[in-house]
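As the structure lists them, so they are numbered: ligands from 1, and atoms in each ligand from 1.
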Amino acid sequence: MGKERLDKIIASMGKWSRREVKELVSRRLVRVDGTVISSAEEKFDPEMVEIFVNGEALCYRRYTWVMLNKPAGYLSATEDGRGKTVLDLLPQELQRQELFPVGRLDKDTEGLLLLTNEGKLAHALLSPKRHVDKVYYARTAGRLTEEDCRAFAGGMSLADGLHCLPAKLEILSAGEESEARVTLREGKFHQVKRMLAERGKPVVYLERIQMGNLSLDGELPRGKYRFLTEVEITNLRALV
Ligand code: URA
């Protein structure tokens, strides 16, 4: 890792903007290897130095991993002329870090979406060879039955030509509108909606609640993000 400007290094943690870092530096609150720094433009290799901001040690991470609780109405893309993207939900400091969504959720699908700038791990998690489970909460129009569960478990071939790996459909409630937990080992375009539509029970609401060993944080409000912890990132690495 080469040298970077100090304000860029500190702002990349997402806690302070570059303007705030300049302010902290001018208040003599930033130390690098024990020395008070007088210019936020000074360059350092963040992996080779110890940075303290206001007495707090900065735990520098080469890559950023963020969990977003995606609301409906946002596209899982980095830019799109047609509308708001999930990046619009992140502060400027994070938007500058070239984060991208790890896989896609449809515009109207809510819930767990990871964003990162660590391409290698992201692509490994998405690789069709890895079969990382994705778990969804779905509400459908129509009564779900055990026959639907068996069809999912058997690996469905859809009328539109899509062949699906065996999947798990767990009925949470069955009625005119039903609720289910769906676990897929792959992530084809609109897959949950297509599979349930094939069974004549179209999805009226969809939320991703888990990806591999990582669950959507129940404390995270819709539309908000938080950084993944070291343990969560290590657990993701263990999947691949
Ligand atoms: N399956 C869908 O149909 N939509 C999603 O957003 C994710 C999985």
Side-chain angles (χ1 to χ4, degrees), residues 66-80 82-90 99-116 122-144 148-149 151-173 177-218 220-225 236 239:
V66 156
M67 172 191 291
L68 175 71
N69 187 345
K70 178 189 174 298
Y74 287 81
L75 294 159
S76 300
T78 47
E79 55 186 73
D80 192 297
R82 292 166 300 164
K84 296 175 289 186
T85 75
V86 288
L87 286 186
D88 293 323
L89 295 161
L90 303 181
L99 301 184
F100 58 87
V102 181
R104 282 169 188 266
L105 291 179
D106 297 336
K107 189 174 178 186
D108 59 353
T109 301
E110 300 194 313
L112 175 61
L113 186 67
L114 297 178
L115 292 115
T116 187
H123 291 124
L125 289 169
L126 294 173
S127 161
K129 288 188 218 127
R130 310 274 181 190
H131 299 311
V132 171
D133 281 355
K134 286 121 200 142
V135 185
Y136 298 87
Y137 163 81
R139 275 203 303 273
T140 64
R143 183 180 294 274
L144 290 169
D148 297 320
C149 300
F152 268 59
M156 292 171 63
S157 287
L158 309 189
D160 62 17
L162 180 68
H163 296 287
C164 307
L165 291 175
K168 196 157 150 196
L169 178 70
E170 297 164 273
I171 301 172
L172 304 174
S173 74
E177 195 171 280
S178 303
E179 293 173 295
R181 196 180 139 95
V182 179
T183 306
L184 300 186
R185 302 170 63 213
E186 56 190 341
K188 304 269 168 57
F189 183 62
H190 290 334
Q191 190 167 353
V192 175
K193 291 177 186 163
R194 285 159 79 186
M195 290 173 83
L196 284 161
E198 183 87 8
R199 300 296 307 165
K201 325 277 161 77
V203 166
V204 295
Y205 176 77
L206 192 62
E207 178 187 22
R208 182 154 63 195
I209 54 177
Q210 199 178 323
M211 194 167 165
N213 45 29
L214 187 66
S215 294
L216 178 62
D217 184 337
L220 189 63
R222 197 77 80 202
K224 300 291 181 201
Y225 76 93
L236 287 180
L239 290 174

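In summary, the side chains of Glu110 and Tyr205 do present a donor paired with an acceptor at a separation below 3.5 Å, with no hydrogens or angles considered.
Proximity to Thr109 (heavy-atom distance under 4.0 Å) selects the following atoms of ligand 1: 4 (N), 5 (C), 6 (O). In summary, the atoms of ligand 1 found under 4.0 Å from a heavy atom of His190, numbered by their order in the structure, are 1 (N), 2 (C), 3 (O). Short contacts between ligand 1 and Tyr136, defined as distances under 4.0 Å to a heavy atom of the residue, involve ligand atoms 7 (C), 8 (C).
Using modelled atom types, one side-chain atom of Asp160 and one backbone atom of Leu162 make a donor-acceptor pair closer than 3.5 Å.
Note that CG of Leu144 and CD of Glu177 are 10.5 Å apart. Values are rounded to the nearest 0.5 Å. Put simply, CG on Leu75 and NZ on Lys107 are 5.5 Å apart, with the number rounded to the nearest 0.5 Å.
With a heavy-atom cut-off of 4.0 Å, Leu206 touches ligand 1 through its side chain alone. Within the 4.0 Å heavy-atom criterion, both parts of Asp106, backbone and side chain, lie near ligand 1.
An N or O contact shorter than 3.5 Å is missing between Arg104 and ligand 1 by distance. Considering backbone and side-chain N/O of Leu105, none are found under 3.5 Å from N/O of ligand 1.
Nearest to atom 1 (N) of ligand 1 among the protein's heavy atoms is Val192 N, 3.2 Å.
Closest non-hydrogen pair, Leu206 versus Ala138, comes out as CD1-CB, 3.8 Å.
Just one residue in the list Val132, Asp133, Leu214 forms a side chain to side chain contact (heavy atoms under 4.5 Å, CB included) with Leu239, and that residue is Val132.
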